Amino acid sequence: VGLSAPSLIGRSVLEFVSAESAWAYAASVALATDYPDVPMGPLRVGFLDVHGDTHDADLWASNRLADPVVGGIVCLVSEQTTASGLAEAVAAVAEGTPVDEVVARVERAMAGHPVVAEATIVVAGETPADPALVRVVEQVGRTGVRELFGDREAIAQLGLASVADHVRALWVEPVPGPAGAPPTALVLWRRRPGNPSPNQLRSIFQGAAIIEIVRRLAVDRASG
């Protein structure tokens with residue numbers, strides 16, 4: 001939140017929790033009192049820093065009320081995870097949430113660990129995008145094989161009109177779709193160079209799979 005540890009002592013965490021996620025924080029703490037032997041979480045919580053910006057994190061809570069030294073609820077706040085965000089996206093699919101909102105949840109999930117990327121879904125012919133990037137999307141859509149560009153030199157060879165200075169890697173994951181659907185891909189821009197690790201690939205593949213499922217469900221509903 002942009003404050004030093006001494007200045008936080010004695011203050012309520014709720015002062016720094018965003019209004020949208022205050023219920024999650026309150027629920028994790030309240031439930032911890034009912035289930036003393038079960039860690040509560042992870043729940044996604046947004047924290048407001050001193051500049052008013054929101055930073056998502058994962059929250060766990062454990063009941064230590066009976067501990068003579070602690071005598072309270074211990075909360076662990078960690079960097080947001082891709083897994084937590086994808087779980088929210090899956091829940092949204094089950095609730096019948098519109099496709100665009102589910103896609104947005106998957107995109108946000110990619111910002112978490114281990115992926116840590118700025119993500120967007122590119123649909124060839126529908127999403128405004130650099131023509132060079134669209135060509136890559138069309139290729140992965142046709143072949144079903146992801147494309148990985150692990151450094152600035154590899155990205156430069158694509159001939160993109162512009163690439164943000166902080167981008168060091170570009171990953172393009174195919175998103176299968178219904179028959180006749182335009183080529184679609186999950187495009188990820190990374191601040192660190194290199195190709196994805198196995199656990200990163202697993203998270204990216206899961207994100208693409210969620211988008212595939214919600215798009216197919218939308219087509220099925222539309223066709224009756």
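Just so you know, these numbers come straight off a predicted model, no measurement behind them.
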Path from [X] to [Y] over hydrophobic side-chain contacts below 4.5 Å:
| X | Y | answer |
| --- | --- | --- |
| Leu3 | Val77 | yes |
| Val13 | Leu65 | yes |
| Leu48 | Phe16 | no |
| Val122 | Val214 | no |
| Leu170 | Val136 | yes |

Task: Separation of Leu201 CG from Gln206 CD (nearest 0.5 Å) - done: 11.0 Å
Open item on the list: Please determine whether side-chain contact (heavy atoms from CB on, under 4.5 Å) holds for the pair Arg105 and Glu88, giving the CA-CA distance in whole Å, both sets of side-chain angles, and the decisive distance to 0.1 Å.
Closed with: CA-CA 7 Å; Arg105 287 174 183 258; Glu88 292 178 357; 3.8 Å; yes
TODO: State whether a side-chain donor-acceptor pair under 3.5 Å links Asp58 with Thr81.
DONE: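 Side chains of Asp58 and Thr81: pair found under 3.5 Å.
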Task: Side-chain H-bond candidate by donor/acceptor type, His166 with Glu118, under 3.5 Å - done: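 Indeed, the side chains of His166 and Glu118 share at least one donor-acceptor pair under 3.5 Å.
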Does [X] have more than 12 heavy atoms from other residues, nucleotides or ligands lying within 6.0 Å of its [atom1]?
| X | atom1 | value |
| --- | --- | --- |
| Arg192 | CZ | no |
| Asp165 | CG | no |
| Glu153 | CD | no |

Could you check whether any side-chain N or O of [X] sits under 3.5 Å from a backbone N or O of [Y], counting only pairs where one atom can act as donor and the other as acceptor?
| X | Y | answer |
| --- | --- | --- |
| Thr184 | Pro182 | yes |
| Thr97 | Val93 | no |
| Ser203 | Asn199 | yes |
| Asp130 | Ala161 | yes |
| Gln200 | Pro114 | yes |
| Gln157 | Ala154 | no |

[Y] side chain reached by [X] side chain, heavy atoms, under 4.5 Å:
| X | Y | value |
| --- | --- | --- |
| Val102 | Ile211 | no |
| Val187 | Ile121 | no |
| Asp56 | Phe47 | no |
| Val145 | Val140 | no |
| Leu59 | Leu76 | no |
| Leu86 | Thr82 | yes |
| Trp171 | Arg146 | no |
| Glu79 | His113 | yes |

Task: side-chain contact (heavy atoms from CB on, under 4.5 Å) evaluation trace for Val167 with Arg152 - done: CA-CA 8 Å; Val167 173; Arg152 292 284 295 194; 4.1 Å; yes
Any idea which heavy atoms bring [X] and [Y] closest together, and the distance?
| X | Y | result |
| --- | --- | --- |
| Val70 | Arg64 | CG1-CB, 3.7 Å |
| Ala61 | Ile73 | CB-CG2, 4.1 Å |
| Asp49 | His55 | OD2-NE2, 2.8 Å |
| Val134 | Ala129 | CG2-CB, 3.8 Å |
| Gly85 | Arg44 | N-NH2, 3.0 Å |
| Ala119 | Leu186 | CB-CD1, 4.2 Å |

TODO: Report the C-alpha distance between Val175 and Arg215 in whole Å, list the side-chain angles of each, state the deciding distance to 0.1 Å, and finish with yes or no for side-chain contact (heavy atoms from CB on, under 4.5 Å).
DONE: CA-CA 10 Å; Val175 179; Arg215 292 173 72 202; 3.9 Å; yes
- [ ] Decide side-chain contact (heavy atoms from CB on, under 4.5 Å) for Phe149 and Leu158; before the verdict, give the C-alpha distance in whole Å, the side-chain angles of both, and the deciding distance to 0.1 Å.
- [x] CA-CA 9 Å; Phe149 307 92; Leu158 294 176; 3.4 Å; yes
